[in-house]
2 protein chains.
Amino acid sequence: MTKSKQNTLFVGTLAKGLRVLRAFDETHTELSLVELASLTGLDKSAVQRLANTLHLEGMLDKDPVTRRYRPTHAWLQLAYAYYWSNPLVARAMPKLIDLSQRLGETVNLAELSGDRIIYTARLPCTRTIFAASVPGRTVPALNTSAGQVILATHPSDERDAAIRDWHLHAHTSRTTLDRAEIARQIGTVVQNGFAITHDQMILSEIGIACAIRGPDSRGRAAVHCSVSAHHWDEARIKAKILPWLLDAANAISPILRP
Amino acid sequence: MTKSKQNTLFVGTLAKGLRVLRAFDETHTELSLVELASLTGLDKSAVQRLANTLHLEGMLDKDPVTRRYRPTHAWLQLAYAYYWSNPLVARAMPKLIDLSQRLGETVNLAELSGDRIIYTARLPCTRTIFAASVPGRTVPALNTSAGQVILATHPSDERDAAIRDWHLHAHTSRTTLDRAEIARQIGTVVQNGFAITHDQMILSEIGIACAIRGPDSRGRAAVHCSVSAHHWDEARIKAKILPWLLDAANAISPILRP
DNA sequence: TGCAAGGTATCACTATATGATACTCGCTTC
DNA sequence: GAAGCGAGTATCATATAGTGATACCTTGCA
């Protein structure tokens, strides 16, 4: 009704239910009925039914006193099912663990998802902030070393289109928002085979990434390492981190090199 | 129709859509239409519509050649939202990281969910198997050290009811299925304040757990450590692991001890 | 070449979701 | 402490939106 539904293959009610689930994020950790209604754009009655159904189905907890809804453990179980369906994670995990213990620094598996990077596996270290210690976080690909190193493996026309069109977001005051500058950076990534970025997601953080290539040699994921600028400079990173990072990325890649 | 729907507050269509999502698990990583139909008990047409909707909404990928469905990154994003809604994880994470680096062994945050334990945060080490390296896995509480140590903080009537009624599952040939034996074990856990189990989830694995207590001093979660019986015996565990595990669990507990 | 199994598309029907309305309960506020 | 407000809950007549039977395609196998 609100918008013309595609056709008879589309179940609007289910789509609305998903809107309710997706209303929850890092800034909306528990929501009341009216908050859900305003976030989803659905009317109060609909949200009442939908949220109640999700509650009965074990997808939403309901605080008996405040009447507010929050995600349940079931959300994590879905993630668990996801992990089994993603063969890359299983192949990467042992290498990532090795790498993490060798470096003593935060190590991630990053995958491209549309124009964003999603961190699918994370091995945090002592200094890691919370947002970077749990999996599932997504950030604009162009703003991250992982995104840049993946993009650098793509044909140049796709690359140019991505640099032109993909979304950017200033997570810090020093996030690069200048697309020409990003294009230049990715140019050097193409040469080097690795990417290093500074201060993009949080200040004084350095991100280093190497691409994991598919059988077609196209990158769809990256091994990513995040370190503090207070403890590391580029020279030491290139000497002490990069070789291992490259090794790990290559070991994970299913590519058949002749 | 199939079963009498509760009442007008329940949206059957949404519930069916969730059935489709939950059809995926460790043994069902990608599913065809008819497989989905038989797993969910829904008819082919319904699954067709539901799966198609989930696909259009970005919850299911569809392999263009095999026509099979699989979970998308969105499932992990839900997990990310979950993490922000669970305050325990944020509080526990730094302590768990410390602990993991100090011990060099696999460390988990385990929470009680019905009669099961769900691992909400995991810090794997080199020897960790895949299933134990990704979060969201659930196992019967009675069969795990984490479940036992949590249950040991509950009033004895609840404890007895749980030991009598909760589900068990033999993951290995040596999993304890004798409820009297489990009762005995939990009895000693009550005395000791920690739990140690052998060979319950996989062979030659030793699980050690300490309870995280809520403000009412009731345990709802545990810090859990998993080590190999080839490298550790109980004496060394008690000397080298337990003290740190207890410390971590206490540090995470929001309980106010006088 | 023909069959079987799985995926796709269509359609008339009515069960099912809809959303307006009204009721209840806790709060502030005056 | 009455009045007003905001939020959650419950009910109901209506027609929209999901249903599931059927038929059509496509693919793989014998």
Side-chain angles (χ1 to χ4, degrees), chain A residues 1-24 28-72 85, chain B residues 1-24 27-57 59-72 85:
Chain A
M1 171 127 194
T2 49
K3 52 190 71 168
S4 61
K5 298 310 176 193
Q6 353 275 90
N7 16 0
T8 175
L9 275 286
F10 187 82
V11 182
T13 309
L14 175 53
K16 288 177 197 164
L18 296 175
R19 303 251 292 277
V20 172
L21 291 181
R22 298 210 257 220
F24 294 87
H28 302 99
T29 60
E30 56 168 44
L31 292 168
S32 69
L33 217 49
V34 292
E35 287 168 339
L36 274 172
S38 85
L39 280 170
T40 57
L42 301 170
D43 90 10
K44 192 170 119 175
S45 293
V47 172
Q48 178 189 182
R49 277 190 299 271
L50 264 10
N52 182 248
T53 304
L54 291 168
H55 175 53
L56 292 174
E57 291 293 314
M59 295 299 295
L60 289 178
D61 277 338
K62 184 175 190 174
D63 185 309
V65 29
T66 69
R67 262 83 238 278
R68 310 185 111 233
Y69 294 96
R70 37 177 42 239
T72 68
S85 77
Chain B
M1 173 119 191
T2 49
K3 51 191 74 169
S4 61
K5 298 310 177 193
Q6 351 275 91
N7 12 2
T8 174
L9 273 287
F10 186 81
V11 181
T13 309
L14 175 53
K16 288 177 197 163
L18 296 175
R19 304 250 293 276
V20 172
L21 292 181
R22 299 209 256 218
F24 294 87
T27 58
H28 302 99
T29 60
E30 56 169 44
L31 292 168
S32 69
L33 217 47
V34 291
E35 287 168 340
L36 274 172
S38 85
L39 280 169
T40 57
L42 301 169
D43 89 12
K44 194 170 119 176
S45 294
V47 172
Q48 178 188 183
R49 278 190 298 271
L50 263 10
N52 182 246
T53 304
L54 291 168
H55 175 53
L56 293 172
E57 291 293 313
M59 295 300 295
L60 288 178
D61 278 338
K62 184 175 190 174
D63 185 308
V65 29
T66 68
R67 262 83 236 280
R68 309 185 113 235
Y69 294 95
R70 37 179 40 242
T72 67
S85 78

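Throughout, protein chains are lettered first and strands after them, A, B, ... in sequence-line order, and every chain is numbered starting at 1. Quantities reported herein were computed from a predicted structural model and do not represent experimental measurements.
- Separation of the C1' atoms belonging to C:dA17 and C:dC13 is 16 Å when rounded to the nearest angstrom.
- Here D:dA17 presents its C1' atom at 12 Å from NZ of B:Lys16, a figure rounded to the nearest Å.
- By the ring-ring contact (aromatic ring centres under 6.0 Å, His included) test, B:Tyr69 is found to be paired with no residue, residues two or more places apart in sequence or in another chain being considered.
- For the contact set between residues 42-50 of chain A and DNA chain D, defined by any heavy atom under 4.0 Å, the members are A:Lys44, A:Gln48.
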N/O donor to acceptor pairs below 3.5 angstrom from side-chain atoms of residues 32-41 of chain A, sequence neighbours left out:
from, atom 1, to, atom 2, distance (Å)
A:Ser32, OG, A:Glu35, N, 3.3
A:Ser32, OG, A:Glu35, OE1, 3.3
A:Glu35, OE1, A:Ser32, N, 2.8
A:Glu35, OE1, A:Arg68, NH2, 2.6
A:Glu35, OE2, A:Arg68, NH2, 2.7
A:Ser38, OG, A:Glu35, O, 3.3
A:Thr40, OG1, A:Leu36, O, 2.7
A:Thr40, OG1, A:Ala37, O, 3.4
A:Thr40, OG1, A:Leu42, N, 3.3

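- For B:His55, there are no side chain to side chain donor-acceptor pair (under 3.5 Å) partners two or more places apart in sequence or in a different chain.
- If you find the closest nucleotide of DNA chain D to A:Val34 and to A:Val11, the one lying nearer the 5' end belongs to A:Val34.
- Rounded to whole Å, the distance from CD on B:Glu30 to P on C:dG6 is 15 Å.
- Using a 4.0 Å cut-off, no side-chain N or O of B:Lys62 falls inside it from OP1 or OP2 of C:dG7.
- Whole-Å rounding puts the A:Asn52 CG to D:dT11 P distance at 13 Å.
- Note: B:Leu54 CG to A:Leu14 CG = 4.5 Å, rounded to the nearest 0.5 Å.
- Not counting sequence neighbours, B:Thr66 has no partner by the side chain to side chain donor-acceptor pair (under 3.5 Å) test.
- Panel note: side chain A:Thr53, backbone B:Val11; a donor-acceptor pair is recorded below 3.5 Å.
- Salt bridge status for A:Arg22 with B:Glu57: present, with a side-chain N to carboxylate O gap under 4.0 Å.
- By the salt bridge (Lys or Arg N to Asp or Glu O under 4.0 Å) test, A:Arg49 pairs with no residue at all, sequence neighbours left out.
- Of all heavy-atom pairs between A:Leu9 and B:Gln48, the closest is CD1-OE1, 3.5 Å.
- Heavy-atom nearest nucleotides on DNA chain D were determined for A:Thr13 and for A:Glu35, and the one closer to the 5' end corresponds to A:Glu35.
- Applying a 4.0 Å cut-off to non-hydrogen atoms, the residues of residues 63-72 of chain B that approach DNA chain C are B:Arg67, listed by residue number.
- Comparing D:dA17, C:dT8, D:dG8 against the side chain of B:Leu33 picks out C:dT8 as the nearest.
- One can place CG of B:Leu14 at 13 Å from C1' of D:dG18, the figure rounded to the nearest angstrom.
- Closest contact between the side chain of B:Leu9 and the listed nucleotides D:dT19, D:dT11, D:dG18 involves D:dT11.
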